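Below you'll find the structure, written out as structure tokens, and then a few comments.
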Amino acid sequence: MFKFILPVLLLIASCLDSAASQTRRFPDDFRWGVGSSSYQIEGGWNADGKGESIWDFLTHNYPEKIADKLNGDISADSYHQWKRDVQMVKELHAGTYRFSLSWTRIMPGGYKNNVSTAGIEYYSNLIDELLRYNITPMVTIYHWDMPQRLQELGGWTNPEIIPVFKDYARLVLEMFGDRVKTWTTINEPLHVCECGYGLDYMAPSYNYPGIPSYLCGHNVLKAHAEVVHMYRELFQSQQGGRIGITMDTSWMEPKDVTSTEDREASERALQFYLGWFAHPIFSKEGNYPKVMIERIRNLSKEQGFGDRSRLPEFTAEEIQRIRGTADFFGINSYTTKLVYSNGHNNTGKFPVPSFNHDMGAVETQKGVDWPSSGSSWLKVYPRGMYNLLMWIHREYNPPRILVTENGVSDRGGLEDYARVDYYNLYLSAVLDAIEDGVNVKGYMAWSLMDSYEWKVGFSEKFGLYHVDFNSPNRTRTPKVSALVMAQIYKTNTIDWSYRPKLNEEQLVALAQLSTENQQPKTSGASGAVSWSLTGLLLLALLR
Ligand code: GBE
């Protein structure tokens, strides 16, 4: 009789075990990382002679444009707290730390006539500290903080920016290239150009639709290409690193998948948002996507611009010079939009001319039942990540894709189970894509810590680490998600049953936070439980 009980018990136990532990493993050489950007975390906005950037200028002169009217003058104070930052990357078991350089910390006026030793030292120390712990630095040369003096010359709309950006890039490649082996030139050119020049969204907030963003894009692509050629000619063979670019888009899901019009609108939106920068660099033929060239040329003519399209033209030589200038495809993505066509005569919704009018597609998230987040634009739809990676694979077949940003916001707190669910779900989607043949070689969670979130100030939190912005040394505390990510990064495995308890450090911080009551009221706090359930449900649907 007893002979049977043990095997039966073992069988039950093993069933329970595999049911509870939904584990999935990533390839052994998969690269895990975590990201940040200079203006969002550093503070020290004028420390040791740092010059003014467009974000210093915008936040100081137009505080009313920022949700909480705050700025990044001190932020998480990484200018002084960088050793702690490296500790955190290490605690996360992240092999890579993706951070960006502040141009005006290195060249206060934007030009090479004035180089700040303090600025060079700051990044040099950070890089050395990372290497001490075997963490690979991945450096973004430009993450949105243009020197204000160069903006006064038109910033990215003035072709003069190309040699000046190249000078800046040359200096940092010379200074840090012996130790930095992964570089990206520019973070999210779409946001740099369309949100900065076309809209009143990101600095410099031109709010001038339909013209300057295309000039910006043209110069960004050329500047990027010049830097990559310079790296390949002067540095790559001795230094042995890789260089690429990071682009971004939401996944553009046809509003009605059975409608040809909606499917075409979705394809157009992807070509405008991502193809604008990806096609010239990653396609076989180079140049802007055909649909962009044709639509903008035709619309420009109709609008009275004559034969000069608002989208500038590349010469055949320029097309060849830009094509192939990336060793990897960096993609940032957070969410999905539903897309439909802007009607037959493309009227209504948008200013004429404008980027969105040129695109002729309307985006919405109305009516979806996807879980929400701390940001109005960010809804959770992991399948979108899978679809996007498949689209990139089909369109360009790049040999190395790095997800350089992905993550979710809330309104604060350490018990961020919604973030845990988000990461498990999105990583699962990334793994689905890998299993279906997409060459995703690495993943960088956004973000290492709570930071200055641009136009929304400090109100939306993306961090794996909580930052106490009221404490003098900007105390950092791991959230639950940090413990989960550390486990994923350490084991190369997603494990849905892994629910860490808060550790001592977190409990102390939690008690302190609630007594000080410094957290903004959360809208999503009570959502944690239903969130986990939604997460599991979604996962079940996805598998
Ligand atoms: C990344 O950009 C940035 O690289 C990173 O610096 C930032 O911290 C992270 O986003 C999180 O925001 O009301 O729909 O007009 C649009 C991702 C907000 C691109 C959404 C801001 C997409 C930039 C607001 N966009 N995001 S609204």
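Computed from a predicted structure; not experimentally measured. Values reported hereafter were calculated over all heavy atoms of this structure, with side chains retained and with hydrogens, waters and symmetry mates removed.
Here Y489 pairs with W32 under the ring-ring contact (aromatic ring centres under 6.0 Å, His included) rule; sequence neighbours left out. Applying the salt bridge (charged side-chain N to carboxylate O under 4.0 Å, His left out) criterion to R25, with sequence neighbours excluded, gives D28. Every residue two or more places apart in sequence or in another chain that forms a side chain to side chain contact (heavy atoms under 4.5 Å, CB included) with S259 is listed here: D256, E261, D262. Checked against side chain to side chain donor-acceptor pair (under 3.5 Å), K337 has no partners two or more places apart in sequence or in another chain. H191 pairs by the ring-ring contact (aromatic ring centres under 6.0 Å, His included) definition with W144, not counting sequence neighbours. Every residue two or more places apart in sequence or in another chain was checked for a salt bridge (charged side-chain N to carboxylate O under 4.0 Å, His left out) with D145, and none qualifies. With sequence neighbours excluded, the residues satisfying ring-ring contact (aromatic ring centres under 6.0 Å, His included) with Y452 are Y39, F458. Partners of E395 by salt bridge (charged side-chain N to carboxylate O under 4.0 Å, His left out), not counting sequence neighbours: none found. Residues satisfying the ring-ring contact (aromatic ring centres under 6.0 Å, His included) test with Y197, not counting sequence neighbours, are Y206. Legend: residues meeting side chain to side chain contact (heavy atoms under 4.5 Å, CB included) with D29, ordered by chain and number and at least two apart, are P27. With sequence neighbours excluded, no residue forms a side chain to side chain donor-acceptor pair (under 3.5 Å) with N207.
Two rings, from W276 and F355, have their centers less than 6.0 Å apart. A centroid separation of less than 6.0 Å is found between the aromatic rings of Y334 and W377. The ring of F165 has its center no closer than 6.0 angstrom to the ring center of H224.
For the residue pair Q487 / D495, no side-chain donor-acceptor distance below 3.5 Å is found, with atom types taken as modelled. In the model, Y386 has a side-chain atom that pairs as donor or acceptor with a side-chain atom of D436 under 3.5 Å. A donor-acceptor contact under 3.5 angstrom links the side chains of E363 and Y273, judged on distance only. Side-chain polar atoms of D68 and S459 form no donor-acceptor pair below 3.5 angstrom. Residues N187 and N332 bring a donor and an acceptor atom of their side chains to less than 3.5 Å of each other. Checked by atom type, the side-chain pair T335/S250 shows no donor-acceptor distance below 3.5 Å.
Of all non-hydrogen atoms in Y465 and A482, the two that sit nearest each other are CE1-CB, 4.0 Å.
Pairs of residues two or more places apart, or lying in two chains, that qualify as side chain to side chain donor-acceptor pair (under 3.5 Å) and include a residue from residues 133-142 are Q87-Y133, T140-T184, Y142-W156.
Crowding of K65 atom NZ: a count of heavy atoms from other residues, nucleotides or ligands under 6.0 Å exceeding 12.
Residues R321 and E226 have side chains in contact (heavy-atom distance under 4.5 Å, counting atoms from C-beta outward).
Put simply, the residue from R232, R242, K441 that forms a salt bridge (Lys or Arg N to Asp or Glu O under 4.0 Å) with D327 is R232.
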